Amino acid sequence: MQQYISQLNEAQREPVLQKDGPMIIIAGAGSGKTRVLTIRIAYLMHQGIDAFNILSLTFTNKAAREMKNRISDIVGSSEAKNLWMGTFHSIFARILRSEADKLGYPSNFTIYDSQDSLRAISGIIKEMQLDRDVYKPKQILSRISTFKNSLITVKAYFNDPDLQEADAMSKKPRMGEIYQNYVDRCFKSGAMDFDDLLLKTNELLTRFPEVLAKYQNRFRYILVDEYQDTNHSQYLIVRALSDKFQNICVVGDDAQSIYAFRGANINNILNFQKDYQGVKTFRLEQNYRSSRNIVEAANTIIDKNKTKLDKVVWTANEFGPKIKVHRSLTDAEEGRFVASTIFEQKMQNQMTNGQFAILYRTNAQSRAMEDALRKRDIPYRIYGGLSFYQRKEIKDVLCYLRLVINPKDEEALMRVINYPARGIGDTTVEKLTVAANHYKRSIFEVMQNIDRIDLKLNSGTKQKLNDFVTMIQSFQVINENQDAFYITDHVSKKTGLVQELKKDATPEGMAKIQNIEELLNGIKDFTEGQREIDGARGSLAEFMEDVALATDLDKDTSDEDRVALMTIHLAKGLEFPHVFVVGMEEDLFPSAMSMSTRSELEEERRLFYVALTRAEHQAYLTYAQSRYRWGKLTDSEPSRFIEEIDGQFLEYLTPAESNYRFKPMIDKDVFGDVDKSKLRLAKPLSTTPPKYITDNQPKPEAQIRKLKPVSANAPSGAANLFDNKLTAGNIVMHERFGRGQVINLEGVGADKKAEIKFEVGGIKKLLLRFAKLDIIG
DNA sequence: AAAGGGGGGATTTTT
DNA sequence: TCCCCCCTTT
């Protein structure tokens, strides 16, 4: 143990040795906070604290797992496995399962992910016959989420005239009813959404003092990582649990608080000293991760924020290269810059793919990057976005499994009751829903009793309903004795899901089947892993317990060498030698939706701080002057954040903007999705396309479009000569597409196009001014 | 009841 | 550009 402690610097050692009482560690980026937390926990155990008495809350499951592994290395795995370590959501889901009966929930309650919640809300709005344009499901859901995270129950809502008035003012007078219906519907389904996991924990601890006492006594030492991103609900749980022993250690960095949009309250960390008596404060300010240039540049950014704790991050590392700033004309070109830079760096400095990360503000930006990387044959992995477990085909399987565990789960039932199609249509489902509401039973219960209630269903439909019930029940029987892998494999076959997918022979369809195979492999791993755990048998219930809480970050098992692509939010806590922060543009980063208030802008700035401090050695900031946004080419200005960095830390790779300012030469409404970078550089009628285009080998179609005219009276070349000669029926030869026959001609003058059916590659429309065609017959 | 086509909306971030 | 929902047709 001593050797681990002696490896720490002074500032790190102090909080490790501070055993009791409330304490806060303000940890700058890259200051070794995970290390401090790990060693602190190990040291607590070394001093005789039972692992059962330590609760450690992290921000992601992955962080928990990694920390647990590191602790195992120090104290041995048999000791470490008893630690309570995980996210708020997963830890309290576990506690709620064992205490569920007190709240009237089954212990096998379902956890609704945001998709489920949204569908439930949409359904309610439809049932209430409200206007979906006024009551936008997404908005409603996020409002309900805000309520729950602030512990505003339905009852509290109706006791608060201000809230009701606010909703009435925004033309949503029935907000409260929707909230009520949503809560009822979840309860009836035996389901909790993400926010419920925290809200119900609070309810449990408040309403049942003996339960509170039990967990207070159990968790004598509590550690909370990323405390700056806790919300009010989480804050109250921590307060309640730590109240008796006051051995609470929170770790965080106010400069890295980036989740206010989902209710995180930065004041939790700013005010921690006031919440407990005799708080000891520790600061970790030495950065071990990044070069001096990056650390100091990041400091100049965060200095712009007013709301912050007193802290100066510094480093003893070497200066390193300056931050490189690159401007490009389009998002596609930005992608090419990133890809070719990675390519060159790998060549020149023997770097691996895994040493690069591409970070962006929005998931939609990944596409341009993916395209560019693919063309360079650089392997990559995208994190986040639509997670694996939310893909349609996976979700379908999971919903059948959810029904096996909890047949009251209405969202699951609605999703699969007629998929694959089995003749149970909207009308029937409608009748079932009405009956369920009438009898105050779940839809599944109504279906079980379908022969005893008169719903004016014809016998064929009744038979289909009975078949469905029988099928689910047969799964339940099998589930009693078999493990999660067996039942999942069985379900995916017996429900016809796999056969359904096999009908689709497209690459997308094949990918779906592969995804299901991947799911099965994952479950196989899980069941085998569970066998090693005491008392677990790898059952479906064990697997389903927290799939809703699993993210892609958690199933990152492959150790393949790939470039990482992810949002900045997802990158928090990670580090890479080379980091590209792309899309450094106004309205994108900072986001157009986060510039109305100072605090929103400050959060964006913290987000930028997080992005930059992920880099160990080299950071790149790139921006494009125009990019595709919702399908349209839009112009953009460089992000203010670039200017906010002291110029001494930057190296501009592209000439100053004023010399190069691109003036659109064409009306983009007329030419649609014209790629400006090509327009500027393309010599319209050169015999070969510009070199970089051939390098990248775009699809033929794409190239045609990219070579559209610079102006309506562009110089004409050989192709132009065909204007009048070419007629439908001609056999022509094209440089790239080969032999084909003209089917049709349309347009006049410069816009004249020929529709040509090529022997290879099908029918294409070519602008005659550009198409290099030889008439051969 | 099923399937396919048309129209409208979306993009800020996630446990 | 893509995805989802609704409406139409069969």
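Residue numbers begin at 1 in each chain, while the letters A, B, ... track the order of the sequences. On a predicted model such as this, the values are computed, not experimentally measured, just so you know.
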Subject >> Lys/Arg cation over aromatic A/Tyr609: A/Arg605, 6.0 Å, 45° cone >> reply: no
Original post:
Between B/dA10, B/dT12, B/dT13, which one does the side chain of A/Lys138 approach most closely?
Top reply: B/dA10
Original post:
Which one, C/dC2, B/dA2, B/dT11, comes nearest to the side chain of A/Ala421?
Top reply: B/dA2
Subject >> Aromatic plane relationship, A/Phe147 with A/Tyr179 - under 30° parallel, 30 to 60° tilted, over 60° perpendicular >> reply: tilted
Original post:
Of A/Thr461 and A/Glu600, whose nearest nucleotide on DNA chain B comes first from the 5' end?
Top reply: A/Thr461
Subject >> Partner of A/Asp116 by salt bridge (Lys or Arg N to Asp or Glu O under 4.0 Å), out of A/Arg415, A/Arg185, A/Arg402 >> reply: A/Arg402
**OP:** Could you work out which one of B/dA1, C/dC6, B/dT12 sits closest to the side chain of A/Thr427?
**Re:** B/dA1
Original post:
Please give, in whole Å, the distance from C/dC6 P to A/Ile125 CD1?
Top reply: 12 Å
Subject >> Rounded interatomic separation in angstrom, taking CZ from A/Arg94 and C1' from B/dT15 >> reply: 17 Å
Original post:
Can you check the A/Glu603 CD to B/dT14 C1' distance for me, whole Å?
Top reply: 12 Å
Original post:
Base, sugar-phosphate alone, or nothing: which one does A/Ser594 contact when heavy atoms must sit under 4.0 Å apart?
Top reply: base
Original post:
Which part of the nucleic acid, if any, lies within contact of A/Lys392, taking any heavy atom under 4.0 Å across all strands shown: a base, the sugar-phosphate backbone alone, or nothing?
Top reply: nothing
Subject >> Closest to the A/Arg262 side chain, choosing from B/dT11, B/dT12, B/dT14 >> reply: B/dT14
Original post:
So, are A/Glu226 and A/Lys33 salt-bridged, with charged N and O less than 4.0 Å apart?
Top reply: yes
Original post:
In whole angstrom, what separates A/Asn418's CG from B/dA3's C1'?
Top reply: 13 Å
Original post:
What is the distance from OH of A/Tyr360 to P of B/dT12, rounded to the nearest Å?
Top reply: 16 Å
Subject >> Nucleotide nearest A/Trp630 when distance is taken to its side chain, options B/dT13, B/dA10, B/dT15 >> reply: B/dA10
Original post:
Taking CZ from A/Arg629 and C1' from B/dG9, how many angstroms apart are they, rounded to a whole number?
Top reply: 16 Å
**OP:** Mind checking A/Arg132 for me? I need base, sugar-phosphate or nothing, with any heavy atom below 4.0 Å counting as a touch.
**Re:** sugar-phosphate
**OP:** Tell me whether the OP1 or OP2 atom of B/dT14 has a side-chain N or O from A/Asn363 closer than 4.0 Å.
**Re:** yes
Original post:
Roughly how far apart, to the nearest Å, are B/dT13 and C/dC4 at atom P?
Top reply: 15 Å
**OP:** Sequence neighbours left out, what pairs pass salt bridge (charged side-chain N to carboxylate O under 4.0 Å, His left out) with at least one residue falling in residues 580-599 of chain A?
**Re:** A/Glu585-A/Arg627, A/Glu586-A/Arg640, A/Arg598-A/Glu602
Original post:
Under 4.0 Å between a side-chain N or O of A/Thr567 and OP1 or OP2 of B/dT14?
Top reply: yes
Original post:
CD of A/Gln129 versus P of C/dC6: gap in Å, rounded?
Top reply: 14 Å
Subject >> Contact nearer the 5' end of DNA chain B, comparing A/Arg422 with A/Tyr259 >> reply: A/Arg422
Subject >> A/Lys126, nearest nucleotide to its side chain (from C/dT1, C/dC6, B/dT15) >> reply: C/dC6
**OP:** Would you kindly check if the NZ (Lys) or CZ (Arg) of A/Arg422 is within the cone defined by 45 degrees around the ring axis of A/Phe468 and under 6.0 Å from the six-membered ring centre?
**Re:** no
Original post:
Within the side chain of A/His89, is there an N or O that forms a donor-acceptor pair under 3.5 Å with the backbone of A/Leu197?
Top reply: no
**OP:** Verify whether the ring centers belonging to A/Phe194 and A/Tyr112 lie closer than 6.0 Å.
**Re:** no
Original post:
Side-chain N or O of A/Thr428 less than 4.0 angstrom from OP1 or OP2 on B/dA1?
Top reply: yes
Subject >> Watson-Crick or G-U stems of DNA chain C, 3 or more pairs, under 3.5 Å, by first number >> reply: B:1-10 with C:1-10
Subject >> A/Lys572 NZ - B/dT15 C1' separation (whole Å) >> reply: 11 Å
